[in-house]
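The block underneath contains the structure these notes are about, expressed in structure tokens.
Scope of the values below: all heavy atoms of this structure, side chains included, with no hydrogens, waters or symmetry mates.
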Amino acid sequence: MAYRDLTQEPLAVGLKNATPEARLLVKMFVDGLNELMQKSGYDKIWYQPDDSTAWLMRWYWMYHYKSEKRDFITRLNFESRHSFQINFSHFGARIPAEVEFLPEALMKDLKYKGFPAHVLIKDAKDCQKYMPLIAEHYIRIRRHLEAGGTLPLRGCSHIEIALGSYLSMNDKATWTRWEKPVFLGRREVDLCSLKEKIAIEIQGDYWHRRKEIKEKDTNKKEDLLANGWSVVWAWEGGIKEKFHLVLDALDQVRNGQRFVEIKKK
């Protein structure tokens, strides 16, 4: 994937909503990071808008390594019009997949609330602080891969990430990802509003049609309903590029319907 300088494209996803100062901050950060990488003999960091442009309004892939069985992603995400985050382990685990490669100073500064592990870039001082730490993080990973090592696999889908972002911008509730209510044990809820006890379960068209997975899904649904939760059961084929249907389902739930299924089209 070729490097693209999106700071020169004001209508690009994410940057179009950022202030001019925030765009310059992105340019300072990425250019500085590229310089550090090149000094160590590595290519520039590349980044581009997420290709799910109908869903996401503020994300860029900043670094991505993918092989047949391993996946590692870092994301630049606009936290507001004025500042941005560097998110580690795109698929949202509380402990980053690549934790063993994080410099100690970076690990200590990671925040988790409402997002995957991240650091916040608010000004030039933050850029200068985090550029060398993140460069070191990437360099450690590259050296590990060059020596024949692998990276942990993340199994959560992009559509879960995208829907969470969409809801955060278009719904009144506070939504969290991969929550584990006590009564579910080790099982997770894809998206939930803890205050309202509403769960959204996203059913991938490929994975969730398997018999053994259907049985687990049914048990989870029944446990949620038995413990006083309301459930939106959203099939990927039914909501892809139609996230407004989830808002419609939430209206039904808030008006007293305990279970709403958005079926595959």
Side-chain angles (χ1 to χ4, degrees), residues 1 3-36 44-64 73-92 94 96 106 109-135 137-138 158-178 191 193 195 200 241-244 246-247 250:
M1 177 65 68
Y3 170 81
R4 295 172 59 193
D5 183 2
L6 297 176
T7 60
Q8 302 304 313
E9 302 177 29
L11 295 181
V13 175
L15 283 178
K16 71 177 182 181
N17 293 323
T19 64
E21 292 78 13
R23 294 178 197 170
L24 289 173
L25 196 62
V26 171
K27 180 172 176 56
M28 177 189 300
F29 180 84
V30 175
D31 285 350
L33 195 58
N34 284 333
E35 185 177 344
L36 290 169
K44 292 179 176 181
I45 297 297
W46 63 265
Y47 67 115
Q48 62 178 353
D50 183 88
D51 55 14
S52 305
T53 52
W55 306 340
L56 306 179
M57 299 303 295
R58 59 190 183 187
W59 292 1
Y60 293 83
W61 303 137
M62 192 173 69
Y63 183 92
H64 184 201
I73 301 176
T74 301
R75 185 177 79 233
L76 186 154
N77 172 41
F78 274 89
E79 187 264 347
S80 72
R81 296 181 65 242
H82 309 282
S83 59
F84 61 90
Q85 297 169 344
I86 307 301
N87 294 162
F88 299 90
S89 289
H90 167 70
F91 294 119
R94 181 171 176 81
L106 183 57
D109 281 1
L110 290 183
K111 305 179 188 305
Y112 300 93
K113 187 176 180 180
F115 291 91
H118 65 274
V119 292
L120 183 62
I121 310 293
K122 306 183 297 295
D123 52 35
K125 183 178 178 181
D126 288 333
C127 280
Q128 296 302 323
K129 177 180 180 180
Y130 290 116
M131 279 188 303
L133 294 175
I134 293 172
H137 176 55
Y138 292 158
H158 288 68
I159 199 167
E160 294 172 13
I161 302 285
L163 179 58
S165 177
Y166 177 87
L167 290 176
S168 72
M169 292 184 286
N170 293 283
D171 188 67
K172 61 184 180 181
T174 298
W175 292 92
T176 59
R177 292 190 286 267
W178 306 301
L191 286 161
S193 167
K195 184 176 181 180
I200 299 176
E241 299 181 2
K242 297 179 181 178
F243 280 0
H244 65 279
V246 178
L247 295 178
L250 289 173

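- Nearest heavy-atom pair, Ser193 versus Ala173, reported as atom, atom and distance to 0.1 Å: OG-CB, 3.8 Å.
- When side chains are defined from C-beta on, Leu247 does not count as touching Phe243, because their heavy atoms never get closer than 4.5 Å.
- Closest approach of Leu25 to His82, counting heavy atoms only: CD2-O, 4.4 Å.
- Remark: Leu120 CG to Leu110 CG distance equals 12.0 Å, nearest 0.5 Å.
- Tyr166 has its side chain out of reach of Val246: every pair of non-hydrogen atoms, C-beta onward, lies at least 4.5 Å apart.
- Taking CG from Asp31 and CG from Leu24, the interatomic distance works out to 10.5 Å, rounded to the nearest 0.5 Å.
- In this view, Glu35 and Lys39 satisfy the salt bridge (Lys or Arg N to Asp or Glu O under 4.0 Å) rule, not counting sequence neighbours.
- Heavy-atom minimum distance, Trp175 versus Leu191: CE3-C, 4.1 Å.
- Closest heavy-atom contact between Tyr130 and Ile121: CD1-CD1, 3.6 Å.
- When all heavy atoms of Ala135 and Leu33 are compared, the closest pair comes out as N-CD1, 3.6 Å.
- Considering CD of Gln128 and CG of Asp123, their distance stands at 10.0 Å, rounded to 0.5 Å.
- Nearest heavy-atom pair across Met28 and Met131 is O-SD, 3.7 Å.
- Looking only at side-chain heavy atoms (C-beta outward), Leu106 and Val119 come within less than 4.5 Å of each other.
- Within the 4.5 Å cutoff, the side chain of Leu250 has heavy atoms near those of the Leu167 side chain.
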